[in-house]
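Here is the structure we will look at, set down as structure tokens.
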Amino acid sequence: PEKLAAFQARIDAGEKIEPKEWMPEGYRKTLIRQIGQHAHSEIVGQLPEGNWITRAPSLERKAILLAKVQDEAGHGLYLYCAAETLGVSRDELTEALLAGKMKYSSIFNYPTLTWADIGAVGWLVDGAAIMNQVPLQRTSFGPYSRAMIRICKEESFHQRQGFDIMRKMATGTKAQRHMAQDALNRFWYPSLMMFGPSDADSVHSAQSIRWKIKMNTNDELRQKFVDQTVPQAEYLGLTVPDPDLRWNADKGGYDFSEPDWDEFFEVLKGNGPCNTERLAARQKAWDDGAWVRDGLMAHAAKQHSAPVAAE
Amino acid sequence: PEKLAAFQARIDAGEKIEPKEWMPEGYRKTLIRQIGQHAHSEIVGQLPEGNWITRAPSLERKAILLAKVQDEAGHGLYLYCAAETLGVSRDELTEALLAGKMKYSSIFNYPTLTWADIGAVGWLVDGAAIMNQVPLQRTSFGPYSRAMIRICKEESFHQRQGFDIMRKMATGTKAQRHMAQDALNRFWYPSLMMFGPSDADSVHSAQSIRWKIKMNTNDELRQKFVDQTVPQAEYLGLTVPDPDLRWNADKGGYDFSEPDWDEFFEVLKGNGPCNTERLAARQKAWDDGAWVRDGLMAHAAKQHSAPVAAE
Amino acid sequence: MGAVVDLDAALFEGLCRLGDSTLVLGHRVSEWCGQAPVLEEDIALANVALDLIGQTQMWLGLAGEVEGRERTSDTLAYHRDVWDFRNLLLVERPNGDFGHTLMRQFLFDAWHQPMLAGLAQSRDTRVAEIAVKAGKEVAYHLERSADLVIRLGDGSGESHARMQAALDTLWPYTGEMMVPDATDAALAEAGIMPDLNGLRTTWDALVQDVLAEATLTIPESGFMHKGGKQGQHSEHLGHMLATMQFLPRAYPDATW
Amino acid sequence: MGAVVDLDAALFEGLCRLGDSTLVLGHRVSEWCGQAPVLEEDIALANVALDLIGQTQMWLGLAGEVEGRERTSDTLAYHRDVWDFRNLLLVERPNGDFGHTLMRQFLFDAWHQPMLAGLAQSRDTRVAEIAVKAGKEVAYHLERSADLVIRLGDGSGESHARMQAALDTLWPYTGEMMVPDATDAALAEAGIMPDLNGLRTTWDALVQDVLAEATLTIPESGFMHKGGKQGQHSEHLGHMLATMQFLPRAYPDATW
């Protein structure tokens, strides 16, 4: 308990906790879960975008999208490394994902059905992600904080590119405008879900906020996201699919409809449009790749033993 | 030798030989090789056409092409059945094909690269096949003769459909005309090869002709094919890719260039554009289908043993 | 789902649901060309695909006629993008192994056959005529797929496991077939198409019987995908259309 | 193969050969997105694909400029059909397993790197500039693919067998890279592109060294496929283009 108080004092003073320093088991566990889940999201998040790389409508768009998924894989790498400093290996985390014991962001269980969805993913999904991540640059765990700083810089770039796709679509031909509006219709509520249900009644959240693992409540961030995004939709000439959306001058923000939380919990349980396929794709990559990983290890072992044998 | 003479006398008299009747071993072997090879050709022949079923440019064309490959599989079935009457099973023949011990028509080692190729295959390849097959309706082995009668009827239908595709392409847009001419350029010589090299010096051929397993020489049939096809190409406004092609009034037929027989023997050896892929596709179908064949047999065995157990 | 539904618009929708489902399933089945596990199946698969494409021509042909905007069955098949397709999600599932293809076919046939029987009673004679014609073909499809599901379900250990895996994977895509939306309801009320709720009883009974004989177990999870009928598909459809529509899209001025 | 070759026409051809090869290989590599055996390879594959697409923009951009018919790199990439594509057959081979993808990359890189070194000496400064830029990227590609071929060739029993199978399958597609036709000869003579015969020595040495260290055996058969450079491809390219070109073909009036 004394240790605990000292630990909390350091956090309150804005100090960073480093991997080799003492930390409460709960802090470590919560971080592993949160960082691991974030890493998995980057990896699984490649799939809905990868679905359109081979159909990107220009060489420039193809290059931008390739650069983006490359960044995402890179983010995954930073985050797995951050998690590894807490004593869990990348393989362990991967196996937990494949066994269904760890989650990834539910948004990636929605399909990308037209090219405009690639715009919507950048604009809305990366937008919501940034909203979550910017405060986490100030999180108490050093490696996590440093990873978030690198990631946020790239993410905001991705968001601008996504918005640029939407702008082209929204001001394009009739078919393109249709695709843009349709993408907004499908991604709006799932994006709002990305902040999680209202944490009014969550004990976890309160502890995480005290530890500076979580910096804001879900509702604060969701409100901020809506306030930022609605004017952008207006600028694009697109309609947010919420008949009850309106400006509330008193609170200085928009009133908006809650997403369908039943759907959220269903998707979380595995019953989303693409859950099965996303996990199956990752499982296949893991299984098909086993011989490669084994082969590389076998080679490394030979290299290692060769000089010994020569002695 | 007496038996042999009697056998030859029956053939000379135009009688049909039936499976249970006596026949020389050489006759049986030659027939198995020839009918088996023909059956394999029908099966492998599905692949280059199957390549365009999913891309057929209209529902009507798609339906016609589906009907055609269905017919081909059906022809394969007739022919395997005819071969089976000679004491060789379909599975044995299939395994010989996959082991490279039996051949299929080399023409199917050429790729179908545009939709016009589907026209060219019908017009030229089926055209050449019919030229080979029509006389075989009078072949001496009963089951083979009857199979050929059924097959020829359908093949000539296929040829007309192929010609119809070519006609549409040859009288269509610039791109379509390009595709049509390009298809003729690529399929002309391989079609001429379908009759085999000149059999002037083949002992085999002479024996086969005596046995009425082979009804004409390769050169006769090739000449007939050229004489039939050149006017059709002219009608289509397409150019046969042979600068030395010209009408020879003396012989009442066209003079034409020989195909590149080195290429023919290379393809026969396995070195054609698609040999490896065609065999790999058949091997994959065979391997992937093993559990289905086993499952069906297991079910049949249960059905068979059930009543016995109940007794 | 408003209360007032334009009946011609609903009929156009309903016809697209039929025609797009046969088109997409026909396409999937045709992908097997030359790769079936036995020669008899090469023939049967080509035959089923051929029937389905023929039915597509009739349904989409009529759809174009009802719509009255001079779209032919080919225009509808080759010049719409994913959001305008109205096929069931089940039929756009990838082929997987032969077991998946077969199970998909059976689950669809078991719906298709009673659906066509209902459509044969349509007050719209154009619909009824097509349904009668298609019904004869589909009776054979169902007979074949049910028979094979039984033989492979109750076959070897491996074939049983593969058929069960196929059933588990595909089951969540069956719900949509029997849940009516406003369009279905309007067409049923007008006596043009059968009541989907009514089909469920027939489908349930048939599927339960066959799967029981096949020694296969119906998954417990009640979760069902939806959206295909309303134009919200999986990622697979777009890839299929890229292939299917290549030539007419690349050469819009050509006839074939 | 006439004696007189219009040099601009030959240059256009030569540039399409380069740009189409990087485009098609970039496409194939990008098909791996999110499916690599290890995360580092997800990153590396995306990076290689990105480089190749960037090079495509440069080569096809210059090709359009040389042609002078107002075709951009996008027009050339998205609005030509198979017969106008000039890529090497090797790069349109399907991905297969990771071993095939890797071996294809190595066999190509081992040609690409000296090719770009030669192009960097081009008398056409536009060509030389692109080659210098691309050369830096490709040096890394070759380093990576050679290293991995060695590690997996001389790895486990299974990885060795898979790499050998990949080599056996892909070897007959390498000949075309180093056999000059009239276009290649004209460009070499004009000092615009390197002599392909000269590349063979470099390629042979490099490939033999790496494969020897990888404990892999070069197939004995001398048979080599040909035709890609002249626009005669395998059946795979058409399927790739149907996917790649879908949007610009379906929506010719749109900009993206």
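Each chain gets a letter, A, B and so on, in the order its sequence line appears, and its residues count up from 1. Source: prediction; values computed, not measured.
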Okay, side chain of B:Gln176, backbone of C:Thr255: is any donor-acceptor separation there less than 3.5 Å? yes
Max heavy-atom pairs within cutoff under 4.5 Å with chain B, candidates C:Glu40, C:Glu31, C:Arg28, goes to C:Glu40
Under 4.5 Å heavy-atom distance to chain C, tell me which part of B:Met179 shows up: side chain, backbone, both or neither. side chain
Counting heavy-atom pairs closer than 4.5 Å to chain B, which one of C:Asp42, C:Leu45, C:Leu148 comes out on top? C:Asp42
Can you give me the closest heavy-atom contact between B:Gly295 and C:Ser159, atom names plus distance? CA-OG, 3.7 Å
Go through the atoms of B:Arg167 and report whether side chain, backbone, both or neither lie under 4.5 Å from a heavy atom of chain C. neither
Need one label for B:Thr54: side chain, backbone, both or neither, based on atoms under 4.5 Å from any heavy atom in chain C. both
Only one of B:Asn51, B:Val69, B:Leu47 passes side chain to side chain contact (heavy atoms under 4.5 Å, CB included) with C:Cys33; say which it is. B:Val69
Which bit of B:Arg293 comes within less than 4.5 Å of chain C, counting heavy atoms only: side chain, backbone, both or neither? side chain
If you take all heavy atoms of C:Ser30 and B:Leu66, which pair is closest and at what distance? CB-CD2, 3.9 Å
Looking at C:Asp154, C:Thr243, C:Ile53, which makes the most heavy-atom pairs under 4.5 Å with chain B? C:Asp154
How would you list, in number order, the residues of residues 245-253 of chain C that have a heavy atom less than 4.5 Å from chain B? C:Leu247, C:Pro248, C:Tyr251, C:Asp253
Do you know which two heavy atoms are closest between C:Gln35 and B:Arg282, and how far apart they sit? N-NH1, 4.3 Å
Bottom line for B:Leu77: the part with an atom under 4.5 Å from chain C's heavy atoms is both
Based on non-hydrogen pairs under 4.5 Å, which of B:Glu60, B:Lys284, B:Met169 is most in contact with chain C? B:Glu60
Could you tell me whether a side-chain N or O of C:Asp74 sits under 3.5 Å from a main-chain N or O of B:Leu59, the two making a donor and an acceptor? yes
Measure the spacing between NE2 of B:His299 and CG of C:Asp147 and express it to the nearest 0.5 Å. 7.0 Å
Give the member of B:Gly50, B:Ala73, B:Gly289, B:Gly74 that has the highest number of heavy-atom pairs under 4.5 Å with chain C. B:Ala73
Chain C contact via B:Ile165 - which portion, at a heavy-atom distance below 4.5 Å: neither
Of the listed residues (C:Met244, C:His27, C:Arg162, C:Met163), which shares the most heavy-atom pairs with chain B below a 4.5 Å separation? C:Arg162
Side chain from CB out, backbone as N, CA, C, O: work out which of these in B:Glu49 comes under 4.5 Å of a heavy atom of chain C, or both, or neither. neither
Identify the two heavy atoms, one from C:Tyr78 and one from B:Lys62, that lie closest to each other, and give their separation to 0.1 Å. OH-CE, 3.7 Å
Nearest heavy-atom contact between C:Asp97 and B:Trp291 is OD2-CZ2, 3.9 Å
Tell me, side chain or backbone of C:Ala77 under 4.5 Å from chain B's heavy atoms, or both, or neither? side chain
For the interface with chain C, which of B:Val44, B:Leu65, B:Thr114, B:Thr173 has the highest count of heavy-atom pairs at distances below 4.5 Å? B:Thr173
Please identify, among C:Val38, C:Leu23, C:Asn47, the residue contributing the most non-hydrogen atom pairs under 4.5 Å to chain B. C:Asn47
Locate the shortest heavy-atom distance separating C:Gly34 from B:Ala285; write the atom from each residue and the value. O-CB, 4.4 Å
Using a cut-off of 6.0 Å, state whether more than 12 heavy atoms not belonging to B:Lys103 lie near its atom NZ. yes
If you count heavy-atom pairs under 4.5 Å between each of B:Lys168, B:Arg55, B:Gln70, B:Gln46 and chain C, which one has the most? B:Gln70
Verify side chain to side chain contact (heavy atoms under 4.5 Å, CB included) between B:Ile43 and C:Leu39, making sure each step is shown before the conclusion. CA-CA 8 Å; B:Ile43 302 310; C:Leu39 186 47; 3.3 Å; yes
For B:Gln37, does the CD atom sit with more than 12 other heavy atoms under 6.0 Å from it, leaving out its own atoms? yes
